[in-house]
Amino acid sequence: MTLYSLARKNIVQNIRQYMLYLYSMVISVAIYFTFVSLQYNQQLLDSTVTLGKIESAFFAASVILIIFAAIFIWYSNSFFTRTRKKEVGLYALFGMSKKKIGTLLFYENIIIGAIALMIGIGLGILFSKLFMMIIFKIMGFSLEVTFHLSNMAFLQTIVVFALIILVTSIHSYRLIYRFSLSELFKAERKGERLAKGSPITSILAVLFIGAAYTLFLNPNGLELIDNDGLRILTATGSLIIGSYLFMNSLVTFLLKAIRKVPPIFLAGKNLLSITNLLYRFKGNVLILTVISLLSTVTLFACTTTLGFYSNLDHISKLNNPYSYMFNLKNEKAEAEINSLLKQGGGNELSYSYQLEYLTMKPGATGIPRVPGFFQNMLISESSFQQLMQLRGTNVSVDLGRGEAIAFYDGNMDVKSDPFTGKKVKLPSGEELTISKYKSYSFLNQGNMLFPLVVDEELYKELKTEITPETLKIYKVANEKNLSKLDGEITEIADPLTGRDDGVIYSSFYEQYHYGMETYGLMIFIGGFLGLVFLAATGSMIYFKQLMEAVSDKGRYQILRKIGIPETEVKKSVARQVWFVFALPLLLAFCNSALISYCMGEFIQISMLVPFTVCLAVYLLIYASYFILTNYSYLRIIKPSS
């Protein structure tokens, strides 16, 4: 019998043992193939206006998927090979050379990898159209999805995973050279030392996490750190260190404290589970820390993207108060657009206004927040009041000669006032001081405009020196559904918008659907990455717990022999597995809830519903992993009949 045929026979006879490793590889391949199928789907690429963004976003996400899939498969392979150390030791004991054993393991891994690649690609083909329909839906496309398979997706998936499988196969081959025969048989006995919990490091854990939370909640709380980027970096670093110390010391310290309370500790199920956790927890610290941080990032990223998507209507109206706004400097084109808007295409025209303004040369403001290429616009008090009345807001303005009003400029930090007190030099040499700030957009964002409202008398004086221009503003009912009308207007405006002579054009419909595509794409990619992270973290705990179940089987047999009821054993296992699953999720919940709240306050949108939805999905999948792990653990320690 050749080594290759022996490898095939081993896989067939021990298929249940191989299923854990096969499962992790199949999931990784299926997710990656489905993702790159979408990346190369021509219908998706042709339909989107965010072509540059979609390609770069898919590329960046595919790189993350490759890295994470490689780590996940490597981790799974490491646990799988550890479970077989005794088997490898028996091969060596019966006289098989290290080279032959290594080759056998290499063949087995190659065969499993090839099977996983075929099954994973098959599942990816089955689900690719479904995911295509989902991404079209969330990006706001009303197109019939066609079934499409990309040769590049096949090639890229095969190449990527062939390399990963080859590397892990070489890793399996080298296993036999890293351990002596005695080490292979004693592998299960390593790392069973009692975990230690220091009061000092436990206090440090609380201090580091507290410092991180303080910086997130109150960025100006630590005055020594005066740079926003440095604050975030410091908070993140503090959270990572605090999470590790929390797992490494504080949890153990609390478990030991419980052990000193006899009424709680001596209860049968607590005695078994707490004792086992104290002896096993030391080996789980790093993995639980990584899982808590990955879960934090996943929950926060999914909450933020879903928050933006669900509040897109509010964000679009905040940034773009008008359906159309233009100064094309072409009378014929403007007349054509005016005619189309008055006809409305079945949509009622709510109001229109011709806003007169004066333009200063680029860079005239001298404000760092306003780049030099922005078009600086001066608007009179009366024009400002008239336009705001059309918008349904009565404003009272009483500016002095050297005063001006600035407006929200689309920055994510909605609450901040970046302009009050800043000086602006006029062409006449006179200085304006921005004395008031309005936290709403006066004009549509995205046109690189910086409008300032100035005193009426000053405006009239400047008008004698600067030729005034007119901005046409229109508000149309049902502006999110102007596909035909917007297409006709864009066809007229597009040839004129590439000029550098102060041409302005803005469409609410275009910006809204651009946002739908952008945030829809972010949700889809974030969901995909979140699914991978969740599958990986759940599987890591699953593999780790089953490894411990194999080692603990003898202990549970002894407990049964001394009279511990089977129900107590089951409760002890459930508590132990639940603790390992719940601990990183609890820390991730606290971290992500706080960071999501801070992000919501920063951009002034509610994150409660998005966070609740993401957490519910996360808990549902995590609960499935817990049930599966608990069931598998009990099966392993079940007494032989």
* Asked: Counting distance only, does the side-chain N/O of Ser596 pair as donor-acceptor with the main-chain N or O of Ala593 below 3.5 Å?
  -> no
* Thr296 to Ala588 - nearest heavy-atom pair and separation -> OG1-CA, 3.3 Å
* Please step through side chain to side chain contact (heavy atoms under 4.5 Å, CB included) for the pair Val160 and Val36, ending with a clear verdict. => CA-CA 11 Å; Val160 165; Val36 294; over 6 Å; no
* To do: Please indicate whether Phe589 has more than 12 foreign heavy atoms, meaning atoms of other residues, nucleotides or ligands, lying under 6.0 Å from its CZ.
  => no
* Asked: Do Tyr244 and Leu293 touch side chain to side chain, with heavy atoms closer than 4.5 Å?
  -> no
* Do Thr629 and Val580 come within less than 4.5 Å of each other through their side chains, counting heavy atoms only? -> no
* Asked: Closest approach of Ile112 and Met25, non-hydrogen atoms and distance?
  -> CG2-SD, 4.3 Å
* To do: Verify side chain to side chain contact (heavy atoms under 4.5 Å, CB included) between Ile115 and Ile111, making sure each step is shown before the conclusion.
  => CA-CA 6 Å; Ile115 293 170; Ile111 293 170; 3.9 Å; yes
* **Heavy-atom closest contact (Leu619 atom, Leu585 atom, distance)** => CD2-CD2, 3.2 Å
* Distance from Asn109 atom CG to Ile170 atom CD1, nearest 0.5 Å? -> 10.5 Å
* Asked: Asn591 and Phe216: side chain to side chain contact (heavy atoms under 4.5 Å, CB included), yes or no, with the steps?
  -> CA-CA 10 Å; Asn591 294 342; Phe216 281 125; over 6 Å; no
* In Å and rounded to the nearest 0.5 Å, what is the OH to OG distance from Tyr625 to Ser632? -> 11.5 Å
* Any chance you could lay out the side chain to side chain contact (heavy atoms under 4.5 Å, CB included) test for Tyr213 and Leu239, step after step, and finish with the verdict? => CA-CA 8 Å; Tyr213 283 14; Leu239 192 63; 3.8 Å; yes
* So do Thr612 and Leu608 actually touch side chain to side chain, heavy atoms under 4.5 Å? -> yes
* Asked: Does atom CZ of Phe154 have more than 12 heavy-atom neighbours from other groups under 6.0 Å away?
  -> yes
* To do: Give, for atom OG1 of Thr304 and atom CG of Leu299, the distance between the pair rounded to the nearest 0.5 Å.
  => 10.5 Å
* **Shortest non-hydrogen separation from Thr157 to Tyr32 and the atoms involved** => OG1-CD2, 3.8 Å
* Side chains of Ile291 and Ser295 in contact at under 4.5 Å (non-hydrogen atoms) -> yes
* Flag the pair Ser28 / Phe161 as yes when at least one side-chain heavy-atom distance between them is below 4.5 Å, and no otherwise. => yes
* Asked: Are any of the side-chain heavy atoms of Phe127 and Phe33 separated by less than 4.5 Å?
  -> no
* To do: Report yes if some heavy atom in the side chain of Ile209 is under 4.5 Å from a heavy atom in the side chain of Val206; otherwise report no.
  => no
* **Ring centres under 6.0 angstrom apart (Tyr622, Phe581)** => yes
* To do: Would you check if Ile241 and Leu204 make a side-chain contact, meaning some heavy-atom pair closer than 4.5 Å?
  => no
* Reported CE-to-CD1 distance for the pair Met607 and Ile595, which is rounded to 0.5 angstrom -> 12.0 Å
* Structure fact -> For Ser310 and Pro610 the tightest heavy-atom approach is OG-CG, 3.9 Å
* Thr201 side, atom OG1; Phe246 side, atom CZ - distance, nearest 0.5 Å -> 12.5 Å
* Asked: Do you know which two heavy atoms are closest between Ser243 and Ser292, and how far apart they sit?
  -> CB-OG, 4.4 Å
* Would you say the side-chain atoms of Ser238 pair up with the backbone N or O of Phe208, donor to acceptor, closer than 3.5 Å? -> yes
* To do: Please round to the nearest 0.5 Å and tell me the distance separating atom CD1 of Ile121 and atom CG of Leu126.
  => 12.5 Å
